[in-house]
**Student:** 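My structure is below; once you've seen it, I'll send some questions.
Just so you know, residue 1 is the first one in the sequence shown, and it goes up from there.
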Amino acid sequence: MLTQTDFEQKLIAAITDPEIVSRYAAGDPLVVQQVRANAAYFALLAKEIEVATIEPFIKTRDRSIIADATNKGILPLATPCRATLEIINNSTNSITLSQGRLIEDHSGGRIWRLLSSATVAANSTGTVSVEQSQFKDITHTIVSSESFYRFKIDLDDDMHLAYVTVADASAPTVFYDLMPRWMNAAAGQKAFNLTTNSFRDIYIEFGDSQRAGESVANGQTFNVSVLQTYGEVDTARLKDASLLEALTTDEQYVSVRFQENGVTQYGTNPLNVSQLRVLASYPALYDENAVFLGNFDFLVRKKFMQNADFISVWNEAVNEAHYGANYLKINRLNIAITPKTGVNATTLNNQIKAAIAQADSLFLNHVDVIAVVQKPFKLTITGRLAATHDLDAVLTQIRQLLIGQYGKGTLSASRWLINGFNTLEMATLIRQNIAAFQDNISDFSLNVDATSKLNKPHEWVFMDNANLTINLERTADSTGALWTII
């Protein structure tokens, strides 16, 4: 929404008379007051329109989606990629690469760092784990003593936040605890929270000694260490790399390369608006604690939807309802995952298990991986078109629209759909996007096959061309038969 200042600038830009522009620049009250009065009017009108278009239930506008994510504490965080690096020592002496040494890959010029030290004997090859991330140190001085003081984290261009640590400069070894949304934070505890805004900037927020966390004092200095990453990496192109800097003569004879199929953690970008729209459909009760009714679907989807085409997580109660009672399923979770192309299924499943165990240790080693069964959604569309429309063109448009919205790899088909796709939503989509159905003659109906109306948690429901039947016919004309040719 534009502010009063934005409107004022646009009004000035629209003035073509140079004399009036000069009077405004000189501060002539006759011009300035009129322009600012108009800008204030437009700003108030914009607020009224904004309130009138608030979406309290189904959120569709980007502004509503981002606001919902901000209120739920969904931060624009990225996950750094981790891989195994081969170190080839062609020198005649043993070499040691210390933890934190930097590597540059040749596929994108990204910087990687060693997660541990590695010693490689002469004329030998060793391996070490590396991560695509960089540390950035920030020093911030508090400029005002206020409750829940916060400041923005400035990241490098095209990089995303992965992790952050905060410590008082007077006690640099005592780190503050990250307490998301101040949950379970005690008054006076050395803690901080991460927040965001509508521009998806990230802020560090301190607390209030009387309520949660610890108040900060004017002039107090903090050391902030930021771990930033580029996020998603095309792992298929990870091959050759090199040391960013050779510190010894022997290191000049060292070559490094990424091990084939050596990715141990896939990098992900912050969630985009389309993905946030999926999370906006969950009640605000669900968060990373994931204990409300044992529903871990929100947690897993939030962390791993970037790497999977289909995610389904269900608990013991849901399993009993759809598969029957089984004592082997007591106090166990079930996951069914279809990874995206290029993502290793075993690695992804292990990451999901670790995330669930971190949220609730009860499920450590108590998560079962269930094989996904593909179940195409069977739909028949029957309709009639006005005589002015091309049947074949409209049929192609419908197929492209529905497969693009509900086919494999789409967000709509990325979760368990117990009753299949919503036919009202599909009908609205067709009506709004296919021009042929926007007159008062053309019409259509949807019929879902009985086998697609009830689906189990491990069944991946999606649309494909083979199971989408479209029967269209043309009416006599658009107004009725007013005359005939004999």
**Student:** Applying ring-ring contact (aromatic ring centres under 6.0 Å, His included), name anything that partners Phe148, two or more places apart in sequence or on another chain.
**Tutor:**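 In terms of ring-ring contact (aromatic ring centres under 6.0 Å, His included), with neighbours along the sequence ignored, Phe148 is linked to Trp182.
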**Student:** Is Leu417 close to Phe377 at the side-chain level, that is, under 4.5 Å between some pair of heavy atoms?
**Tutor:** no
**Student:** Just by distance, with hydrogens left out, do Ser117 and Ser98 show a side-chain donor and acceptor under 3.5 Å apart?
**Tutor:** no
**Student:** Is there any ring pair (Phe, Tyr, Trp, His ring centres under 6.0 Å) pair reaching into residues 152-172, and which pairs are they, with sequence neighbours excluded?
**Tutor:**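 Residue pairs passing ring pair (Phe, Tyr, Trp, His ring centres under 6.0 Å), neighbours aside: none found.
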**Student:** Quick one: salt bridge (Lys or Arg N to Asp or Glu O under 4.0 Å) partners of Arg150, sequence neighbours excluded?
**Tutor:** none
**Student:** What residues, two or more places apart in sequence or in another chain, satisfy side-chain hydrogen bond (donor to acceptor under 3.5 Å, both in side chains) together with Asn272?
**Tutor:** none
**Student:** Checking Tyr406 now: which residues fulfil ring-ring contact (aromatic ring centres under 6.0 Å, His included) with it, not counting sequence neighbours?
**Tutor:**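 Counting only residues at least two positions away or on another chain, Tyr406 forms a ring-ring contact (aromatic ring centres under 6.0 Å, His included) with Phe421.
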**Student:** If you look only at distance, which donor and acceptor atoms sit under 3.5 Å apart when one is on a side chain in residues 233-243 and the other is two or more places apart or in another chain?
**Tutor:**
from: Asp234; atom 1: OD1; to: Ala236; atom 2: N; distance (Å): 3.3
from: Arg237; atom 1: NH2; to: Ser107; atom 2: O; distance (Å): 3.1
from: Ser242; atom 1: OG; to: His106; atom 2: NE2; distance (Å): 3.2

**Student:** Could you check if a side-chain atom of Phe192 sits within less than 4.5 angstrom of a side-chain atom of Val164, using non-hydrogen atoms only?
**Tutor:** yes
**Student:** Could you tell me which residues satisfy side-chain hydrogen bond (donor to acceptor under 3.5 Å, both in side chains) with Tyr230, sequence neighbours excluded, listed by chain and number?
**Tutor:** none
**Student:** Going by atom types only, do Lys329 and Asn334 share a side-chain donor-acceptor pair under 3.5 Å?
**Tutor:** yes
**Student:** Just to verify, what does Tyr266 make a ring-ring contact (aromatic ring centres under 6.0 Å, His included) with, not counting sequence neighbours?
**Tutor:**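 ring-ring contact (aromatic ring centres under 6.0 Å, His included) check on Tyr266 returns nothing, list empty.
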**Student:** Any chance the side chains of Thr268 and Thr79 put a donor and an acceptor closer than 3.5 Å?
**Tutor:** yes
**Student:** Which residues satisfy the side-chain hydrogen bond (donor to acceptor under 3.5 Å, both in side chains) test with Ser170, sequence neighbours excluded?
**Tutor:** Asp168
**Student:** The criterion is side-chain contact (heavy atoms from CB on, under 4.5 Å); which residues satisfy it with Leu328, sequence neighbours excluded?
**Tutor:**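 Asn326.
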**Student:** Are Gln405 and Ser412 linked by a side-chain donor-acceptor pair shorter than 3.5 Å?
**Tutor:** yes
**Student:** Are Asp6 and Thr3 close enough that a side-chain donor and a side-chain acceptor fall under 3.5 Å?
**Tutor:**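 Looking only at side-chain atoms, Thr3 and Asp6 do form a donor-acceptor pair, the distance falling under 3.5 Å.
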**Student:** Please identify each residue that fulfils side-chain hydrogen bond (donor to acceptor under 3.5 Å, both in side chains) with Asn349, with sequence neighbours left out.
**Tutor:** none
**Student:** I'd like to check the ring-ring contact (aromatic ring centres under 6.0 Å, His included) partners of Tyr203; sequence neighbours left out, ordered by chain and number.
**Tutor:**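 With neighbours one apart ignored, the set is empty.
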**Student:** In terms of relative ring orientation, are Tyr149 and Phe206 parallel, tilted or perpendicular, with 30° and 60° separating the classes?
**Tutor:** parallel
